[in-house]
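As a basis for the values below, the full set of heavy atoms in this structure was taken, side chains included, without hydrogen atoms, waters or symmetry mates. Positions are given from 1 along the sequence.
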Amino acid sequence: MSAKIYRPAKTAMQSGKAKTHLWVLEFDQEAPRRIDPILGYTSSSDMRQQVRLTFESQEQAEAYAKREGIAYRVIPPKEVARQIVSYTDNFRYNRIQPWTH
């Protein structure tokens with residue numbers, strides 16, 4: 001039984017940073033998924049794939065994994081590189097990119 005610990009990024013449908021401050025522990029897939037021949041649904045006999053635990057910090061998630069004897073790996077979060085853009089830069093006379101419509 002192994003798991004990954006990570007901090008989720010915001011989804012494409014989010015404009016804010018809701019639910020991105022929590023750390024998540026998810027179990028890795030142990031059994032392969034099967035395709036139901038009649039309906040075409042995919043299913044798995046691995047119930048741990050449905051478990052998703054959230055923690056306030058990375059240390060709490062690691063402590064839980066150690067206490068329960070779960071082999072884990074930590075995926076560090078990627079920090080967002082914000083580019084500060086001014087609206088007035090669109091109208092500068094010495095623009096780097098040409099004005100196009």
Side-chain angles (χ1 to χ4, degrees):
M1 163 176 38
S2 63
K4 64 179 176 180
I5 298 173
Y6 66 97
R7 196 172 80 194
K10 70 179 192 121
T11 65
M13 299 303 291
Q14 288 178 319
S15 61
K17 294 184 179 181
K19 298 183 182 179
T20 61
H21 66 280
L22 297 174
W23 286 82
V24 177
L25 183 139
E26 283 185 349
F27 292 97
D28 293 331
Q29 182 176 350
E30 292 184 4
R33 293 182 179 263
R34 296 182 308 274
I35 297 175
D36 183 71
I38 298 174
L39 298 176
Y41 296 140
T42 58
S43 64
S44 175
S45 61
D46 186 13
M47 295 300 288
R48 288 192 186 120
Q49 285 184 314
Q50 299 176 11
V51 177
R52 185 173 192 213
L53 303 174
T54 58
F55 298 92
E56 292 292 325
S57 68
Q58 177 184 352
E59 291 78 23
Q60 290 177 345
E62 289 180 10
Y64 175 82
K66 288 178 185 176
R67 184 175 67 240
E68 298 297 323
I70 301 169
Y72 66 92
R73 66 186 185 283
V74 176
I75 301 172
K78 295 180 182 175
E79 297 301 324
V80 178
R82 299 275 181 196
Q83 182 180 3
I84 299 172
V85 179
S86 174
Y87 177 71
T88 59
D89 289 342
N90 293 332
F91 306 102
R92 286 192 332 205
Y93 68 91
N94 58 352
R95 278 178 61 115
I96 295 172
Q97 295 176 344
W99 183 268
T100 59
H101 278 36

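Residues that satisfy the side chain to side chain contact (heavy atoms under 4.5 Å, CB included) test with R33, not counting sequence neighbours, are Q29, T42, S44, Q49. Every residue two or more places apart in sequence or in another chain that forms a side chain to side chain donor-acceptor pair (under 3.5 Å) with T88 is listed here: S86. With sequence neighbours excluded, no residue forms a side chain to side chain donor-acceptor pair (under 3.5 Å) with T54. Take D28 and apply the side chain to side chain donor-acceptor pair (under 3.5 Å) test, not counting sequence neighbours, and it matches S2, R73. Looking at residues two or more places apart in sequence or on another chain, you find a side chain to side chain contact (heavy atoms under 4.5 Å, CB included) between E79 and R7, P77. Judged as a side chain to side chain donor-acceptor pair (under 3.5 Å), and not counting sequence neighbours, the contacts of Q58 are E62. Partners of E56 according to the salt bridge (charged side-chain N to carboxylate O under 4.0 Å, His left out) rule, which considers only residues two or more places apart in sequence or in another chain, do not exist here. In this structure E30 satisfies the salt bridge (charged side-chain N to carboxylate O under 4.0 Å, His left out) test together with R48, sequence neighbours excluded. With sequence neighbours excluded, no residue satisfies salt bridge (charged side-chain N to carboxylate O under 4.0 Å, His left out) with R67.
Chaining together hydrophobic side chains whose heavy atoms lie under 4.5 Å apart places Y72 alongside M1, I5, W23, L25, F27, V51, L53, F55, Y64, I70, V74. As a member of the Ile/Leu/Val/Met/Phe/Trp/Tyr network built from side-chain separations under 4.5 Å, L22 groups with nothing else and remains a singleton. Residues I38, Y41 make up the rest of the hydrophobic cluster containing L39, defined by ILVMFWY side-chain heavy atoms closer than 4.5 Å, directly or through other members.
Heavy-atom contacts from other residues, nucleotides or ligands closer than 6.0 Å to NZ of K10 number more than 12.
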